[in-house]
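Working notes, structure below.
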Amino acid sequence: MDNPAYIGTLAQHRTTTVSYKNHKWQRRPKEDWIVIENAHEPIIPKELWDRVKEVEASVSHGKHTKRGYMHPLSGLMFCADCGQKMKISHSKKLLKDGKEYDCECYICRTFANLGKNYCTTHAIQRADIEALVLADIRSKLNFVLENEAAAREEFLKGRAKRTAAARAADNKQLKAKRKRMEELDALIQSAFEDKVLKKMPESLCNSLCEKYQAEQETLKAEISALEKKLQEESKDEADVEEYIRRIKLYGSCPELTREMCLQLIEFITVDAKTERNNRWHAPAPRNIHIYYKLIDKEQAKTSEN
C-alpha cells in the first residue's frame, strides 16, 4: 500500500523518463512530486496509514506456522555473529518419565542452512526469550511509572548520543553525493562543449549524457532520502514521548503479543550459546540485546527472512 490516495492525498508527477530517447521510467524524489492534500475523502484513517508504513519499514516480516500462527518475535531475532535472522526449530525432547514434549527454539539461519563450519546454533528456547523480553518491557514500564521525568531524560540522553553518531555518518554521505552531483554537471557541460568543438562525435556525447543524467536521477533520490532521514533524526522529543505512550499501553499486557512486539521492538540480537565447563557448572551467561523502536537508533537489520 504505497498510494497516498488512500488517505485523501493526490500525488502526481511521481515518475519520469531518463531522456527523450530512453523511455525507461524512473521514480522522482518525493520533493519533486506535486502533492495535493485533502483532495478527496480518505478511504482509511491517517493513523492506520502511519501504522502500516511503520510495519512496512520494519525488519520484521515474520512467517506463519503450518497452523496459521505467527510467533510474537518472528522476524525480529538476529544472530549477533553472522547477522542472519534466526528461525524457529522444532524437536522432540524426552523427559525422565519417558514422556515426549515439543521443544521450540530459535536458531541461527546460517547454521541451519550451512552447518557448524559457518556459524553456531545460537539456540535459545522460544519460551525463554519471550519471557525475557516481556520482563524487560515490564521493567521499562516500571521505570516510567516510578519517575516519568527521569525516564524521559534518560531516554532523551540515549537518543541524543546515538543520533549524533548517525547524523555525522549521514552528513558525510550527503556531502559526498552532492559533490558527485556537481562533478556530473561539469561532465555533462564538458561533453556538450567537446561536441560543439567537434572534439567528440554527437552519438558519443548523447550516450555519455544519458549515462550521467541517469546517475544524477539516482543520486537525487538518494540525497532526498538522506535529507529526509536527517530531518527525522531531529525529532528526539517527539519519538521519546511516543515511546512512553506505547510502553504505557503495552507494558502491562499479561503476555507477549505480536502487536506489542511490532509496536515496541526494532530487533533483537543473540550472542553464541555458551557451553558448560563440566556437568557440575552452569553455562556462562550470554548477551541478548533488545533494541527498541523510537529510543534505540542502531543501524537497522536488512537480512532476508
Side-chain angles (χ1 to χ4, degrees), residues 47-48 50-80 83-91 93 101-109 112 121-146 148 151 154-155 158 239-273 283 285-298 300-305:
E47 294 77 11
L48 177 58
D50 291 339
R51 288 184 65 182
V52 170
K53 294 288 108 180
E54 182 178 324
V55 171
E56 288 179 349
S58 171
V59 300
S60 173
H61 298 284
K63 289 187 175 181
H64 289 88
T65 65
K66 293 180 179 179
R67 296 182 179 180
Y69 174 74
M70 185 178 291
H71 294 292
L73 295 174
S74 179
L76 291 170
M77 302 279 293
F78 286 82
C79 171
Q84 284 293 314
K85 283 189 175 182
M86 299 180 73
K87 60 177 287 187
I88 285 282
S89 173
H90 300 270
S91 61
K93 296 291 183 180
Y101 76 98
D102 291 325
C103 177
E104 291 182 318
C105 64
Y106 283 95
I107 63 171
C108 171
R109 190 173 292 274
T121 65
H122 289 69
I124 185 167
Q125 296 252 0
R126 180 182 67 82
D128 291 344
I129 185 63
E130 289 182 5
L132 185 149
V133 170
L134 184 58
D136 196 68
I137 290 173
R138 286 173 175 169
S139 72
K140 291 284 194 297
L141 174 63
N142 291 334
F143 181 35
V144 170
L145 294 179
E146 287 172 3
E148 186 169 326
E154 181 170 316
F155 294 152
D239 285 350
V240 167
E241 289 300 326
E242 175 61 15
Y243 174 78
I244 290 174
R245 185 193 71 81
R246 292 186 187 185
I247 205 72
K248 286 180 177 179
L249 181 63
Y250 293 103
S252 58
C253 289
E255 61 182 13
L256 202 66
T257 66
R258 181 66 177 171
E259 182 179 359
M260 182 198 306
C261 293
L262 290 177
Q263 288 291 302
L264 293 176
I265 298 171
E266 194 70 48
F267 59 88
I268 298 168
T269 61
V270 179
D271 278 4
K273 184 178 180 181
R286 54 176 166 164
N287 292 321
I288 296 172
H289 298 278
I290 304 172
Y291 297 98
Y292 288 95
K293 288 186 174 181
L294 302 167
I295 61 170
D296 289 323
K297 282 294 182 181
E298 297 292 333
K301 297 289 185 181
T302 57
S303 61
E304 293 299 324
N305 202 9

Minimum heavy-atom distance Q263-R246, with the two atoms named: O-NH1, 2.7 Å
Gap between atom CE of M77 and atom CZ of R109 - 0.5 Å precision: 12.5 Å
Close side-chain approach of C79 and V270, heavy atoms under 4.5 Å: no
Side chain proximity check, C261 to L73, heavy atoms < 4.5 angstrom: yes
E241: side-chain hydrogen bond (donor to acceptor under 3.5 Å, both in side chains) partners, not counting sequence neighbours: R152
From L294 atom CG to R245 atom CZ, the distance as rounded to the nearest 0.5 Å: 9.5 Å
Atom of R286, atom of A272 and distance for their closest heavy-atom approach: CD-O, 3.3 Å
Close side-chain approach of D239 and F155, heavy atoms under 4.5 Å: no
Heavy-atom closest pair, residues L76 and E266: CD2-O, 3.4 Å
4.5 Å side-chain heavy-atom contact, D296 and F267: no
pair E104-Q125: side-chain heavy atoms closer than 4.5 Å: no
Residue list, side-chain hydrogen bond (donor to acceptor under 3.5 Å, both in side chains) with R138, at least two apart or on another chain: none
Listed partners of D136 passing salt bridge (charged side-chain N to carboxylate O under 4.0 Å, His left out), at least two apart: K140
Shortest non-hydrogen separation from I244 to E148 and the atoms involved: CG2-OE2, 4.0 Å
Side-chain heavy-atom pair I268, M86 within 4.5 angstrom cut-off: no
Separation of D271 CG from H122 NE2 (nearest 0.5 Å): 6.5 Å
Minimum side-chain heavy-atom gap H90-C103 below 4.5 Å: no
Test item: I124 and C105 side chains (from C-beta on) under 4.5 Å apart, heavy atoms: no
Side-chain donor/acceptor of K293 to backbone N/O of L262, under 3.5 Å: yes
Over all atoms of both residues, closest heavy-atom pair of L141 and S252: CD2-N, 3.6 Å
Considering all heavy atoms, the nearest R258-M70 contact: NE-SD, 3.2 Å
Steps toward side chain to side chain donor-acceptor pair (under 3.5 Å) verdict (Y250, E259): CA-CA 9 Å; Y250 293 103; E259 182 179 359; 2.9 Å; yes
Criterion side-chain contact (heavy atoms from CB on, under 4.5 Å) against I290, the qualifying member of I137, V133, L264, T269: V133
